[in-house]
There are 2 protein chains.
Amino acid sequence: MKQIAAELGVSVTTVSKVLNKAPDIGDVTRARVLAYIADHGYRPNAVARSLTLSRTSTIGVVIPDLMHSFFVEILAAMDAVVAPKGYRLLLCASSENAEKERSELEALAERRVDGLVVAPAHATDNEDHLATMMKRGVALVMMDRDDHPAIACHRVLTDDRQVGRLATEHLIALGHTRLGHIAGPAIIHARRRYEGYRDALSAHGLAFDDSLVAEGTFLQADGEAAMRVLLQRSPRPSAVFVANDPMAIGAMKAVWDAGLRIPEDIAIVGAGNIIHGDMLRVPLTTVTWSRHEMGTRAAELLLQQLADPTTPPSRVIVEPHLLVRASCGAGQG
Amino acid sequence: MKQIAAELGVSVTTVSKVLNKAPDIGDVTRARVLAYIADHGYRPNAVARSLTLSRTSTIGVVIPDLMHSFFVEILAAMDAVVAPKGYRLLLCASSENAEKERSELEALAERRVDGLVVAPAHATDNEDHLATMMKRGVALVMMDRDDHPAIACHRVLTDDRQVGRLATEHLIALGHTRLGHIAGPAIIHARRRYEGYRDALSAHGLAFDDSLVAEGTFLQADGEAAMRVLLQRSPRPSAVFVANDPMAIGAMKAVWDAGLRIPEDIAIVGAGNIIHGDMLRVPLTTVTWSRHEMGTRAAELLLQQLADPTTPPSRVIVEPHLLVRASCGAGQG
DNA sequence: ATGAAAGCGCTAACAA
DNA sequence: TTGTTAGCGCTTTCAT
């Protein structure tokens, strides 16, 4: 393409300089080049540019669930800080599946993204990839999830144990004593929510009953299946803390399919404040924290790391709080 | 990197051939190379590869609303057909904004995507870009929206006029006579839904009342604002066809905020079958069509176009049908 | 103020 | 079966 631009009788170097706003270019030449570009509709080739610069101005983002508004909101916040700096986001979904995640990470590695924001789908898998990418100089931020302790990267998280506590204590305050939990998969993030649940139980002298805990992968379908299991227990729990909102919605479905009512027969509290959670048949009480802050902080850390790769890893915690709606019953207890 | 692989005393060509599974390579050499790659964790540089091949194996996707499950479901379907062929999707959101769309299209052009799937946000803007990209040999599929008639590309659509008819006739069958419409923006797709609404009106001898039509951009917030406008009319409409589900949800919010009931005071029908539409406080009656089929067909057409750029443009229509839930009241009327 | 030359990591003829 | 050579489109010293 620049060949063609050399039709103006200038060198490719000159054109390149014009495009990069180099100062050492004559005004007339610059004008000529700009004019030519304007009406011939030339677009620089980012691929070639990336190759020479060994920099793609692209940030890979790997999230576990594209259908969950939580991650999409974070994404939007990241994009807002990163786009003005000339970076683009390359979005990948792992579907809470370590293998899919691996293949996405490999693709991102081959594409030579400058940075990476990931909410890992698994506690141990793919750690090699993450480590390799860091070693290669790819800036890494771990987002929402806190596994892979050996990876020394920035982390933007919420206080998951507190999430579990807030949710469970709300239920307890409402007078429930037979409390179930639908847990997430075997990652530390889910584990902490579970621990928060147990914290609250023991803080209030309630016995822990193993049979009242079911497990899912954080996806809606699993929440439904898990709730069906809990409904088999007798006596069944009168209230359930579900580890995230998509599963909570699945759980609600299971409750209604069983002909029971929320919250009269069973109270439900989720986490993550999914979109339209306030518009549901029974508005979902949930624990929430700022997606905007998570996305913004993650993006800022990423950019900082890109600017100065020696920045020591930091750990930012976005505080959660309870959002009371209708799915646990009337008042604040 | 291949320099380093030439540590094995072979040429880069040889390594390249191994990676591309060329047949003319000795078994022992192949094995040695593969072994080296395996334990040195080498990843080919897709940027360089793209440069030589002038092919990125990337398909750009521009959708208007990342928070709308409709598009995300289509995306998932596309990914499922395209990924096994070695293509990756590069996702961009226009937020129903022509300027944002323009900047995303420019970025995709610079990145030299091989193909493009777009649901255009505007009837005329950015047509130059689309045309230029086609001229450059980028395979283009227009998805869900049918503007830019001058662009001769594949199109995967639903029958939008029929969408409007189905929705409106449902309302009429239920006995409503004062029918409002919350329309989408000035694109043909929205216009057709509006025409379907008018078709149904006149087919049943109902007068069209201009004051009962409000307009939004397809985003939820606009649906809410538009419904507030319609509620000012007196008498207000007893039923409203909203051009898509996100706006329908916004509209529901406005109705409830005004202290009215759905469907008793006002019936609502949407279009697009948004996720959790069945779980809303009042389950949303909507017109639906297969996102899976749309995504699959779009992806297949894209691949075909990539394989044979001379393929004449085709036009596939995915038929819509009514999905009755509760937001318009009891029975089938 | 402008340009020549080298090189980013890869693939594709074409030779050997 | 393997290697040599020549680019892909760009940026970047370093001369001029």
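Numbers restart at 1 for each chain; the letters A, B, ... are given by sequence-line order, proteins then strands.
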When you compare the side chain of A:Val62 with that of A:Val117, does any pair of heavy atoms fall below 4.5 Å? no

Might you work through the ring pair (Phe, Tyr, Trp, His ring centres under 6.0 Å) test for B:Phe70 and B:His68, ending with a clear yes or no? CA-CA 5 Å; B:Phe70 176 84; B:His68 189 352; 5.7 Å; yes

Measure the shortest side-chain to side-chain distance between A:Cys92 and A:Leu108 over non-hydrogen atoms and say whether it is less than 4.5 angstrom. yes

Could you check whether any side-chain N or O of A:Asp147 sits under 3.5 Å from a backbone N or O of A:Ile188, counting only pairs where one atom can act as donor and the other as acceptor? yes

Rounded to whole Å, the CZ-P distance (B:Arg43 to C:dG9) equals 17 Å

Supply the atom-to-atom distance B:Thr296 OG1 to B:Leu301 CG, rounded to the nearest 0.5 angstrom. 11.0 Å

Pairwise side-chain contact, A:Arg155 with A:Met143, heavy-atom cut-off 4.5 Å (strictly under): no

Can you list, by residue number, the residues of residues 15-41 of chain B that have a non-hydrogen atom closer than 4.0 angstrom to DNA chain D? B:Lys17, B:Asp24, B:Ile25, B:Gly26, B:Thr29

Might you work through the side-chain contact (heavy atoms from CB on, under 4.5 Å) test for B:Ile59 and B:Leu90, ending with a clear yes or no? CA-CA 6 Å; B:Ile59 295 168; B:Leu90 183 36; over 6 Å; no

Base, sugar-phosphate, or nothing for B:Leu51, non-hydrogen atoms under 4.0 angstrom? base

Please state how far atom CG in A:Leu53 lies from atom C1' in C:dA6, giving the value in whole angstrom units. 15 Å

Less than 4.0 angstrom between a side-chain N/O of A:Thr13 and OP1 or OP2 of C:dG3, yes or no? no

A:Ser54 near the nucleic acid: base, sugar-phosphate alone, or nothing, with a heavy-atom cut-off under 4.0 Å? nothing

Starting from C1' on C:dC8, measure out to CG on B:Asn45 and report it in whole angstrom. 9 Å

What nucleic acid atoms does B:Val10 come within less than 4.0 Å of, heavy atoms only: base, sugar-phosphate, or nothing? sugar-phosphate

A:Tyr42 side-chain N/O to D:dC10 phosphate OP1/OP2 under 4.0 Å: yes

Rounded to whole Å, the CG-C1' distance (B:Leu8 to D:dG3) equals 15 Å

If only side-chain N and O atoms of A:Arg49 are considered, is one of them under 4.0 Å from the OP1 or OP2 phosphate oxygen of D:dG9? no

With a 4.0 Å cutoff (strictly under), does any side-chain N or O of A:Thr52 reach OP1 or OP2 of C:dC8? no

